[in-house]
Amino acid sequence: MKTSYREALRAALREALQDDPRVFLMGEDVGRYGGSYAVSKGFLEEFGPERIRDAPLSELGFVGAGIGAALGGMRPIVEVMTVNFSLLALDQIVNTASALRHMSGGQFSVPLVIRMASGAGRQLAAQHSHSLECWYAHIPGIKVLAPATVEDARGMLAPALADPDPVIIFEHAQLYNLEGESNHVAPVDISAARVRRTGSDVSLITYGGSLPKALQAAELLAGMGIDAEVVDLRVLRPLDSQSIVASVRKTHRAVVVDEGWRSGSLAAEVMARIVEQAFFDLDAPPARVCSEEVPMPYARHLEEAALPQAAKIVAAARAVMGK
Amino acid sequence: MKTSYREALRAALREALQDDPRVFLMGEDVGRYGGSYAVSKGFLEEFGPERIRDAPLSELGFVGAGIGAALGGMRPIVEVMTVNFSLLALDQIVNTASALRHMSGGQFSVPLVIRMASGAGRQLAAQHSHSLECWYAHIPGIKVLAPATVEDARGMLAPALADPDPVIIFEHAQLYNLEGESNHVAPVDISAARVRRTGSDVSLITYGGSLPKALQAAELLAGMGIDAEVVDLRVLRPLDSQSIVASVRKTHRAVVVDEGWRSGSLAAEVMARIVEQAFFDLDAPPARVCSEEVPMPYARHLEEAALPQAAKIVAAARAVMGK
Amino acid sequence: MNASAVPYDKPFALRLLKDMLRIRRMEEEAAELYGAGKIRGFLHLYIGEEAVAVGALHALQPDDAIVATYREHGHALVRGVSMNAIMAEMFGKQEGCSRGRGGSMHLFDAATRFYGGNAIVGGGLPLAVGLALADQLSPEGISYGAQHRRRVTACFFGDGAVAEGAFHESMNLAALWRLPVLFCCENNLYAMGTSLARSESQTDLCAKAAAYKVETLKVDGMDVVAVHDATRIGIAHVRDKGGPFFIEFQTFRFRAHSMYDPELYRDKAEVEAWKQRGPLHSYSARLKAQGMLTEDEFLACDAEAQAEVDASIAYAEAGAWEPVEDLMRDVLTPVGGTTS
Amino acid sequence: MNASAVPYDKPFALRLLKDMLRIRRMEEEAAELYGAGKIRGFLHLYIGEEAVAVGALHALQPDDAIVATYREHGHALVRGVSMNAIMAEMFGKQEGCSRGRGGSMHLFDAATRFYGGNAIVGGGLPLAVGLALADQLSPEGISYGAQHRRRVTACFFGDGAVAEGAFHESMNLAALWRLPVLFCCENNLYAMGTSLARSESQTDLCAKAAAYKVETLKVDGMDVVAVHDATRIGIAHVRDKGGPFFIEFQTFRFRAHSMYDPELYRDKAEVEAWKQRGPLHSYSARLKAQGMLTEDEFLACDAEAQAEVDASIAYAEAGAWEPVEDLMRDVLTPVGGTTS
Ligand SMILES: Cc1ncc(C[n+]2csc(CCOP(=O)(O)OP(=O)(O)O)c2C)c(N)n1
Ligand SMILES: Cc1ncc(C[n+]2csc(CCOP(=O)(O)OP(=O)(O)O)c2C)c(N)n1
Ligand SMILES: [Mg+2]
Ligand SMILES: [Mg+2]
């Protein structure tokens, strides 16, 4: 069945709300406004204000309240409108949600799901264009997911809610209108990366909003006689090293594509794992295509220049191929 | 002259306060308490409460106020007691301090210095033991320093204050009592890494609180016939790739030592740069010694096991040497 | 509509009218240009709230500082940023007041001490506290020209920002340290789709501010005269006493929150009722009633505003795209470069 | 000293005394053990403030929840966490209530709904709001045993926390959503070295809480009877009305902030004056005055407390270090493992 990423998220949320009375959705403008990306439009009428809970502008407060509610037996889905505002809530995520189980010697788990939009591409400028997946992927005690397909948008929520620990879900803002197949039957796996295109010459390893660009680059490369494999990480913490290494062992070449700023990017971690685990399989140094290290400019042509693009991926892939 | 890291910081702060009336120190308990690490003890009496400004527990507020004061012509030194509490202030640092110059098209620079203690090793458990240098090193628009020697503790503040952009200084909590030489004459350079021990067999690349451990490991390695070079990064953003690469070109082997959690560590970035720029100079895959991916446990033996230690560095160095 | 006489001389009375018209016409065109794809990103219109920026900013001196939000076109314009520079910024051209790097949400202007343009709700509050702290600590802050008087930092923010921790910490710091901040709360009753009653347990925002021992005034934000007078009182308080002052401007936005907002959360009737109290309409009626304005004069003012808007669009259209090679510019300050 | 009669039966009156003694003696030994290197990290003593935890927690029911700070030994003990488990935790032994992973600042106990032990000032406040939200939303929250009544979440925090944004956001959420939270502010006049007057523009903390439309009580935190009575009033309010309640306990810590604190910021005389009002001393004098306690009984209680402390130290000493191989335990929940 063809559907959109947004519709897939909606279907997953509705199902979760219908199936488990402990589930509720809380965040800024999830209710009366209908969700800032229209993901929860109509839910207020369907599930009522207790379960579709509009929160005041208090990111630290309502994320912390989500943690408390999870401890108290509920299964909250907290929507932090965008990753940009999640900076205000990081203390609760790092110092409470992710540490609580360990600090309590295993007594308290925090079955919390946090959803947030991330990424650039809509000319929203420096404060509204962050990709900070790499920061979250650094924190022990949580899991981090990045659905990049309609299927994952549909299937990742249920296992995230079933997970006893905090799960952060990044929805790239450029994907909401993505159309694709969703033959949803069961929840998808949330432990492994997935090969989205098989190839033999070079591995393009990516996630989230960069997946469509990597796939587009692979098509362009095919036209140049280069057969690229595209690996969608899907799960950013814990990273699925095995799948990464398996692909690189096959292709012997890797380009990591990541919308985060280059220095200290998640791409660096992927490269580190590749050299740690598959150094002698490499025919060329792994390369990366990341965002330029500049706060995101507003002007469209500058934003485009700052972000990873298919053309840059093609160039990087050709370079590692020595072409 | 022999002095301590703490005394060196004190001397640098006093000098700054004496030399420039625009400089003031603001933070929790910098005044009457004397600084939580006794760095500003006695300053209140010497410089008065306007310039040694005790702030309420409002990390977001007073870090933001520091940004505003910098915009207003002052040269604030904001002390965030520890990096752990800086999570509450990250929004102001990322979305204002580091982005303002760019967002304003170059009109407003933010000449702000933020100091904070970081790191583990004193059994302070999960919420008080963070090493998040890597997060800060990811942000364009700021500079990040990690003085690891008495000389740098003495010499980095003046150039940081002279810098027109925000500079974050990480003081590792385990270093305050470090004794060392300080032949302070002029401000030190804050753009380059420095080789703390020359060697030819393997490069141990590190920063901050891990430097003493790396030097200790180098001594142990020497006893085993392995001649390690120790590179102190000093400047975590922008990273001095050139010095890193120069050392690796010489030794052909690298072990990166970093107290941050392994996944998404600054060590990953250093490894990425090495493979990007010196892949064909490597005789072995670069390795890293980081913290285990666990919120810091309280019990001493577990904390020790979680942190990088000289013995682990030695083992990693021997492994990359094939010994 | 408040029918009391406008107590200003004609030039100033018309200045207020003209500035409200300039904002209104500029933003109406901006909305069109958004539809045409010339302006992108988020665009938050101030239409309906013009009396606040106009009345308040005309009470400030040139050396005072302003901190605003993403809904700041009007503030920038009244403060003295040229419409050309604002329009070019929204187009993303290098002639923009932020070189096209900031866009609608990040208008900045060093010359008029206009410190943005902040897209983080509540994000400007600590900044304003710090600017005022600099003024308290430095000699420029208390002497200006011949007179000795304090500089003021005026910080604009919405009702939604009041729920943020940043509001709390900033109010306390400003009050505790007695800093010269004028807190200007633009209470338009909604934060995106969330009405004040669903975001605050205490909806009297002056009562909230008073809990920090900050003095307050609540004023009809649809009435430019009331706004101006209240702001003058607030400013005088700050200059005399040094400490902060809080004004709640009761206002309303006539348009959607941003160009993405389907406005599901409020009735057309509510919007219509507020439009009856529209600041342009009510103020020009008052001026006419007291014989200070003729319909011809009004039309002339309006035509002048529209001409300025048209010119600014032409200016923005003719502006240049910054070269892509300059992408990495203004991340750090060049050595020997400008600092504020 | 308040000389009014203690209005409780003897067993309960002595229970309060004994619990204060248990905290006092446990912490005095903890200070010694810190000096001896048996306890490490940060150790924050509650000595002087015992009446607050004892009076307040005895007003709660077993199914209520507690959220505390890093100064929480007393709260954990009175709540029913065994002294053995607390002492072992401070030693870092696996018999500790948090398996030695948490230490002094992170005591936890699922059995008594004791949710820590939080070393981030203000960090527990949003958590308490969430626990109360869960109670409001779920059936367990409103029915217990035979009676239908609301569960309460009691959240302890210091005067210093009031300046944090977390306080503001949490008070508003609790009040806005009418959540069953009892906010217990332990105002000991200092946050490390920062006195309340240097941290708040409004030092009347009840006035601050009232600004969120939360009802409040201010009470002498050195008087265990006053504390208990006030807490009962607060709890009753929360159970009946559903909404939050705020109590300011006016108290004082007799010791330094932590074992690192040189106490440069306050006079010995100030500390001495508060010691005259010490909760143990004043309460036992009252009990004696009304013939409820003899000196022999007091000494017996004290000896009993001391014996419990001695036993807990022996227990902790005899405890085991968790195997280093288990380092990575309890980062994530094992599949099929426990969740709260
Ligand atoms: C910290 C933060 N959270 C959320 C947002 C998204 N957001 C943008 S504007 C807005 C509403 C703000 O309302 P208000 O402060 O009343 O100002 P108004 O838009 O009404 O002028 C929200 C929720 C944001 N920009 N920043
Ligand atoms: C967010 C944060 N900032 C700073 C600290 C350091 N710190 C620990 S306790 C403390 C004082 C807290 O005072 P108060 O809330 O009054 O509690 P008390 O210690 O008096 O019981 C400070 C500043 C911290 N733990 N967390
Ligand atoms: Mg509003
Ligand atoms: Mg206190």
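Naming convention: chains lettered A, B, ... in sequence-line order (proteins, then strands); numbering from 1 in each chain. Keep in mind that the numbers below use all heavy atoms, side chains included, and drop hydrogens, waters and symmetry copies.
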Residue list, side chain to side chain contact (heavy atoms under 4.5 Å, CB included) with A/A246, at least two apart or on another chain = none
request  = Mark yes when over 12 heavy atoms from residues, nucleotides or ligands other than B/R300 sit less than 6.0 Å from its CZ; otherwise mark no.
outcome  = no
Side chain / backbone / both / neither for [X] at chain B, heavy atoms under 4.5 Å:
| X | answer |
| --- | --- |
| A/S86 | neither |
| A/R262 | both |
| A/A284 | backbone |
| A/P238 | neither |
| A/L60 | side chain |
| A/F85 | neither |

Inter- and intrachain pairs under salt bridge (charged side-chain N to carboxylate O under 4.0 Å, His left out), touching residues 264-275 of chain B, at least two apart = A/R288-B/E269, B/E269-B/R273
Just give me the residue among [options] that pairs up with chain A most often, heavy atom to heavy atom, under 4.5 Å.
| options | value |
| --- | --- |
| B/G264, B/S265, B/P286 | B/G264 |
| B/T96, B/V94, B/I93 | B/V94 |
| B/S98, B/A272, B/A287, B/A267 | B/A272 |
| B/E59, B/R237, B/E276, B/Q92 | B/E276 |

request  = Spell out the residues in residues 126-136 of chain B that have some non-hydrogen atom less than 4.5 Å away from a non-hydrogen atom of chain A, in order of number; otherwise answer 'none'.
outcome  = B/A126, B/Q127, B/H130, B/S131, B/L132, B/C134, B/W135
query = Looking only at heavy atoms, which of residues 137-146 of chain B get nearer than 4.5 Å to chain A?
reply = B/A137, B/H138, B/I139, B/P140
note = Under 4.5 Å to a heavy atom of chain A? For B/L90 that would be both
inquiry  = If you compare all heavy atoms of A/N95 against all heavy atoms of B/N84, which two are closest, and at what distance to 0.1 Å?
reply    = ND2-O, 3.6 Å
